[in-house]
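Whatever order the structure lists ligands and atoms in, that order sets their numbers, starting from 1. Quick note: residue numbers are just sequence positions, from 1. Keep in mind that the numbers below use all heavy atoms, side chains included, and drop hydrogens, waters and symmetry copies.
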Amino acid sequence: MDLNAITKFSALHAKPDGLILQYGTAGFRTKANCLDHVMYRMGLLAVLRSKQTKSTIGVMVTASHNPEEDNGVKLIDPLGEMLAPSWEEHATCLANAEEQNVHAVLAEICHREAVNQQQKAMIIIGRDTRPSSEKLSQSVIDGVTALGGQYHDYGLVTTPQLHYLVCCQNTNGQYGKATVEGYYQKLSKAFVDLTKQTFSNGNESRALKIDCASGIGALKLKEMEHYLPRELSLHLFNDGSKGKLNHLCGADFVKSHQKLPLGIEVKPNERCCSFDGDADRIVYYYNDAAGHFHLIDGDKIATLISSFLKELLLEVGENLKIGVVQTAYANGSSTQYLEEIMKVPVHCTKTGVKHLHHKAQEFDIGVYFEANGHGTVLFSKTAETKIRQLAKEEMDEKKRKAAMMLENVIDLINQTVGDAISDMLLVEAILVLKGLSVQQWDGIYTDLPNRQLKVMVADRQVIDTTDAERRAVRPVGLQEAIDDLVKKYRSSRAFVRPSGTEDVVRVYAEADSQENADKLATEVSLAVF
Ligand code: NG1
Ligand code: ZN
């Protein structure tokens, strides 16, 4: 390691005194003006990870749905997955090291992970549209160069685009071309192939209104639009030309407030969706004729996609197992519908995409979604090979057609991570193929009324949970108190857990009416104190 270079650059990216941060479920996230040293150090760490895995590693500068003043950073592992847990710990250690210890921490990581220092390193970098992102990504580059790594800066990209690019870089182009244009080409070809019969049947154009949260999604949709069939007409709102990122708009706002974002004009029954600030989440919604707002969240997206895939699987007649993965936040009605009506196995994991992703890998086809709209579909290697082979060779016309559609889904869905653009195209394709209106889709099942609250406590870590975060084991007596409260309401359920991204405890409650869900959530919040 070139000590001089590290020391020289470190001094330019000094750590504020006393600042302690943790690499959480979404990497590091805090006020942008506290992150310069973290960015530099993540540049250093990415080089070590790249040397160790002998692969290209991604570094994304974004704070997703957080306010514009915040920022964040996360590393992307070789196949486009989230960073391995042992390296999350290294990241935390390195970010919190005092200036004079940075070199020792790097040496320790190299030792523990058997990093070959002679190995070449390649890092690819992306960023969202926050005013602070450009400068912060320059600090990442300083870290990469201080350790002699090479880099390619893709500039403004969505988080899922960078995941896609990392995967392409490390699989010799098998996953697609490692350019943003390659991403558009791959997805749009799959979308056109999947929908061509229906669209060429003279279907009039289908309009979709998209709230882009004043973020990167708008820029990228504008670039992609001319690759897509004219019949799909996208109307962008909150496209970044005015308005603050994520302010009163975007997927997180719509999901948590269960109302329309600011800046979108809707007529009754028009199909709308919202992306979040880095375009890895999507939720749909509409206003009915009476002016009532209807949210179609990640659970309903998962239901739509898994019903469609299950039908195709039945047609190809192969014994491929499909499963759905959710978290404790999934609406009880969705779980019941999937298990009892669709007869699809459902699993619940801890909150955080990496847990869902990991579980979904156990199936031939694993569909995972968080209720907040982050999700995707994973196909096992065996399933993918089988489907591609059937699409080419199957003699039975009907079976071959079903296999070809599954093949298109494989190419349309971003298997590396949840992706608002890719998920949106898959949903639009399914709706057009099945001839479903947004109301019919919404009517598959009725959500149980629910409420999420945040509680500020002195130390959120005093709460410890089990059973995929659905039960509290600490502090003693809390779970019993929740159980007693839940018993007072019909069709009810409630749980508490410390947030992994904010300094709060989250409370979730469901019940037979909105009034009861609200009451239960409030009562559980009081029990947390
Ligand atoms: P926390 O803050 O741990 O609840 C939130 C979301 C997660 C996930 C992460 C990462 C909820 C209730 N929680 O986690 O689903 O998306 O952020 O961004 O939506
Ligand atoms: Zn996001």
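- Polar contact check, Arg497 against ligand 1: a nitrogen or oxygen pair lies under 3.5 Å apart.
- No side-chain heavy atom of Lys519 sits under 4.5 Å from any side-chain heavy atom of Lys488.
- Atoms of ligand 1 lying under 4.0 Å from at least one heavy atom of Arg281, given by number and element, are 16 (O).
- Each of the following atoms of ligand 1 lies closer than 4.0 Å to a heavy atom of Ser499: 1 (P), 2 (O), 3 (O).
- Cation-pi geometry between Lys300 and Tyr337 is not satisfied (NZ or CZ under 6.0 Å from the ring centre, within 45° of the ring normal).
- Atoms of ligand 1 lying under 4.0 Å from at least one heavy atom of Tyr329, given by number and element, are 12 (C).
- Side-chain N/O atoms of Tyr183 and Asp419 include a donor and acceptor closer than 3.5 Å.
- Of all N/O/S atoms in Asp276, OD2 sits nearest the Zn ion (ligand 2).
- Heavy-atom distances between Glu370 and ligand 1 reach below 4.0 Å in at least one pair.
- A donor-acceptor contact shorter than 3.5 Å links the side chain of Ser492 to the backbone of Val486.
- For residue Ser64, an N/O/S atom approaches the Zn ion (ligand 2) to within less than 2.8 Å.
- A side-chain donor from one of Glu523 and Tyr489 sits under 3.5 Å from a side-chain acceptor of the other.
- Here the rule is side-chain contact (heavy atoms from CB on, under 4.5 Å) with Val61, and of Leu136, Asp128, Leu162 only Leu136 fits it.
- When only interatomic distances are considered, the shortest N/O to N/O separation between Thr25 and ligand 1 does not fall below 3.5 Å.
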